[in-house]
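Taking it in order: structure first as structure tokens, then the write-up.
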Amino acid sequence: MSGIVRSEPFTLNIGPQHPSTHGVFRVKVTVDGEKIVDAEMVMGYLHRAMEKLAEERTYTQNIPFTDRADYLSSMSNNLGYVLAVEKLAGIQVPPRGNAIRVIMAELQRIANHCMAAGTFINDTGAWQTPVMWTFREREKIIDLFEMTSGARLTCNYMRIGGVAFDLPREFEPRARQLLEGLPGFFDEFEGLLVQNEIFLARTRGVGVVPPETAINASLSGPMLRASGVAWDIRKADPYCGYENYDFQIPLGYQGDSFDRFLVRIEEMRQSARIIGQALDGLPGGPHSTQVPLALRPPAGDAYARVEGPKGELGYYIVSDEGPSPYRFHIRAPSFINLSVLKEMVVGGTVADAVVSLGSIDIVIGEVDR
Amino acid sequence: MAPPVLVTDHWYDFRDLGNLSSRLLESLADVLPQGAVYVLAAVIGFVASFVIFVLPSQLFVGVYGERKLIARVQSRYGPNRVGPFGLLQPIADTIKLMQKEALTPKSADRALMYAAPALFVAPCVLLFAVIPFGPNMVFADTSVSLLFYVAISALPVISAFIAGWSHNNKYSVFGSVRMVAMAISYEVPLVLGLLGIVLFTGTLSLQGITIWQKELDIWLVVLQPIALAIFFIGVSAELNRTPTDIAEAESEIVAGYLTEYSGMKWGLFYGMDIGYALAASAFAATVFLGGWTLFGLERWVPPWIIFIGKTHLFYALFIWTRGTLPRLRIDQLMGFAWKFMLPLALVNLVMVATERMFWVEQAADDSVVYVFALVNIVAAGALVYAWSRILGYRPEDYPTKARLVETAGGYVPIESAKGGAQ
Amino acid sequence: MTREWTGAELAAAAERLVPGSVDRATATACFLKRDRLVETMAALRTDSETDFAHLTNLCGVDWWDRFEIVYHVQSLVANHVATIKVEVTDRGNPVVPSVSSVWWGAWMQECEAYDLFGITFDGHPNLHRIFLWEGYPGWPLRKDFLSMPGGLQPGLREFSGIERREPPPVKIVE
Amino acid sequence: MEGVGAAVAFWTLAGVTLFAAAGIMFSRNLLHAVLLLILTFIGIAGFFVLLSAEFLAMAQVIIYVGAIAVLVLFAVLLTPRAGRDNGESKMLLPAVLLAVCLGAVVLFVITDTSWNTVPSAPAVEHEPKVAASDLGEALLSTWILPFELASVLLTAALVGAILLVRSPEEEAEDMPS
């Protein structure tokens, strides 16, 4: 009896030109009615062969490349690369440099999560209202970046051995003013959305990733923590003096899109705490050590990683004592977090697919490198 | 039903422009041939209702007001560049849309693609024929004007389907399917909700309902809160306004059935969407907020000004939901229509029937209506809460905060959070 | 702090779990034999002492005469990291067994290695070029990819006009 | 409704409806046919208005245009290649013959029976205007049986439709496992 109504599958392209793929990224979706039967990712629209170009430039010239990998969190990218080179060349960073690096990395995390949370709710359909709210806070942080590094988005602020310039005089008062406003904003933002029935209906149980699959698929960052796996490199492998700041790691319950949203909001609160503590104990002294322009690290390889806003951001650099890295590889969290997209999407509807994709929070610059 | 004479019936009395037009038509009746007066009355009706009220409020309330209000919700300014305070922004938009090229894809069905916008505009003009702006400022006062509104509001669904189907583009087919499915499932509870009103007032004519509310000095929103809720959700589903705008959901299917439209063809759809929203708020203002009456004030304040104020007030409700709520998925919407709104509408109908029977049988005096109002409001709250609990709405189960952990060491199973484990 | 496994420790553990699987060990990494790779990786993953449950990074390196696949694996519970490498000398058709049977998420990083280096992973569920299109001539990240006329090699010329010397025979720092 | 306006309205409406009805037959595109069907329904609603039976006209629009035509549109949507035109079929000759015979029968019925049409003289003043409320009372008093039967029939049809469309897994879960 049931064989009477047959509907043959129907392929649909979400992307590359699509309002909610956060950049040029395409998912070829085979749809049966509203239910998705199969999904295939097509990437590479923004592939700029960054790893090939890096072999042509000196270690210091590569820093602006890392800005453009994940153009929404350039500070964390710089930090990852600079730590890898310092590990390879064995360079020590003065305490003030480390403290400034922590402040900048955490400010960048708040800015990124503002963007991620805002656009995620945008994908569920709220007419840009949450994005405008989070962008208002993000603007304040970007003003701080512009004040210190001169650029809003691709700051190019970290140097091998420390940071490019010291903090300007008016950085601290402006940062304190921002920190006073943030907790109020987070509570208001979370309060508005967490009990919103429509938002709950659209995100609860959508794009679920169980903990075993998360570990097995080498996910990292909010994706991993939302599935209940307590793994944060700032706690597990502290760099730049994270061990002497007191903060906690948020964990989700069942690894669905709603938990990722909760984890990101909580992470922003913890970052605000870290910045407060870092600003209080900002040590004096030089902000970076002198490094020869033609740095020639000894032959060998080094892999250093940072807890970027999107996950574990690693840099694997191989040196053959030449002025330029022999091999320069970026471990991009957005790229690897996408490996579970098919499992999250198949079985749901097109609307769920868009919400799941938004909850992974990908940036195409980092996915395609 | 003879139109009530609220004020003096001199033609120069601007409080009721109906006298003016009827006096004008009578004086012309003997001069022009018999059919011409009929046509002239239609032209006056069209100019008065559509050109003077709908078009300006479409532009200045629908485009300008909405963008300003939503901007305020999003803590930004909204259009303030074009003209003083940005007031010329809608005019600028219209001119921009008119001079933009209206593309037609090669594989599209050209005839249908050109017909769809026209079919989308026509019903919107028709809708305003039955809305009473004043005591005798109603163009076509038929005894079934409420039914007329419900009937004509089914036509734009068909033209939207034609628009989506004629593009031969995958996204627009999705959009048109969703639009049609939504319209069918939300028309049933909508009509049942309005049935409650008709049962109470006893007439199907909008003018009759307004006069009923005037005589009993009670607004039907107080008497029938469930009906207003169902009407609002049903109409926002039919017009696909925000909580239910899945027919042209940007984040999922680009622009739904409007994907291939550009230039003034898209402009017509956008303008008339606002027109339908205005028609819906005008209808709601008449039926729920007492139309042109304001507890006796309509003797001094011209009734059509009161009516326009109420319409824009109700339209602000649409703007408010558009600025704040995310969008529901199609299967949730279908479930909501059939499993939540329909039973609620039926129970409301039963309540209204018993009240009406009690009122007529016992021949109680009219003040019993206030008792009914109280009963209905309490019943509405209780019904909605009870029915949602039955359908499995347990807000306390969902955790609203992430768990905080001190160390980073592998998988932390959930032992405490209730309900979080499922 | 995350403990880093030295090459020797790792070789000992691998040898203990799967005898005869270790090719050689350097200070920081341990080279495994290609044919016993998947078996050893599975053993290293399930063994309670090593417990490398999370494959963090997988990338290729082109050393002119041989290709090298580098695996960075770590344990989230025991909080330690290890570097495992595999070599393949056949430049014409480099083949490495795929570890996607051990860590399911490795399929994407292996697709990237295939796309940029041309290293095919046998046993891979869906090996395809992930960034470039199928018909793209050549493998971009190979050292000889951009061999410009006049014998110039990729890599920065020395500062102030010093002639670029032949690619140095790489000394493995013991 | 009488007077010059009504006569003009009647003839235009008749013209539009007949043109649309003919269009359904001859249109090559399935979707055009359905839209012309909707136009005929609206035309018929116009006739009811001319006969000053507004309630019936509105009911006609709601039921036929609002629901049945939309469901036919859904059917059009689900048939693959709905846009194709119904090409030449070999059955043209017999179809024409059958049409002619049917046409003859209908014409004979029209001309032969004596409709008790109202003389075109000035219409009777107290035209029996059927208000919506009379319809309601009649439905629930004298015609109560067909009304209830219709509702039972509709529910049966609804349940049948749902059974028809159930997907295999829903069916499996109801099977007595």
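The sequence lines fix the lettering, A, B, ..., with proteins before strands; numbering per chain opens at 1. Note that the coordinates shown come from a computational prediction; the quantities given were computed from them, not determined experimentally.
Of the two parts of A:Val29, neither the backbone nor the side chain holds a non-hydrogen atom closer than 4.5 Å to a non-hydrogen atom of chain B. Contact annotation for B:Ile330: only side-chain heavy atoms (C-beta onward) come within less than 4.5 Å of a heavy atom of chain A. At a 4.5 Å heavy-atom cutoff, the contact between B:Arg322 and chain A is made by backbone and side-chain atoms alike. Contacts between A:Glu267 and chain B at a heavy-atom distance below 4.5 Å are absent for every atom of the residue. Both the backbone and the side chain of A:Thr11 come within contact range of chain B, with heavy atoms under 4.5 Å apart. In this structure, no portion of A:Arg260 lies under 4.5 Å from any heavy atom of chain B. Both the backbone and the side chain of B:Glu406 come within contact range of chain A, judged by heavy atoms closer than 4.5 Å. Of the atoms belonging to B:Thr407, it is backbone heavy atoms, and not side-chain ones, that fall under 4.5 Å from chain A. The part of A:Thr349 that comes within reach of chain B is its side chain, from C-beta onward, which places non-hydrogen atoms under 4.5 angstrom from that chain. For A:Leu192, no part lies near chain B; criterion is any non-hydrogen pair under 4.5 Å. Looking at A:Phe135, neither its backbone nor its side chain comes within 4.5 Å of chain B, counting heavy atoms on both sides.
Taken from CD in A:Gln248 to CZ in B:Arg403, the straight-line distance is 13.0 Å, to the nearest 0.5 Å. Atom CG in B:Leu325 sits 6.0 Å away from atom CG in A:Asn196 (nearest 0.5 Å).
Put simply, the residue from A:Val206, A:Ile198, A:Val350 that forms a side-chain contact (heavy atoms from CB on, under 4.5 Å) with B:Arg329 is A:Val206.
The minimum heavy-atom distance linking A:Trp133 with B:Gln74 is given by the pair NE1-CA, 3.9 Å.
A donor-acceptor pair is defined here as one N or O able to donate and one able to accept, closer than 3.5 Å; such a pair exists between the side chain of A:Arg202 and the backbone of B:Arg327. Distance alone, capped at 3.5 Å, is enough to place a donor-acceptor pair between the A:Thr129 side chain and the B:Gly323 backbone.
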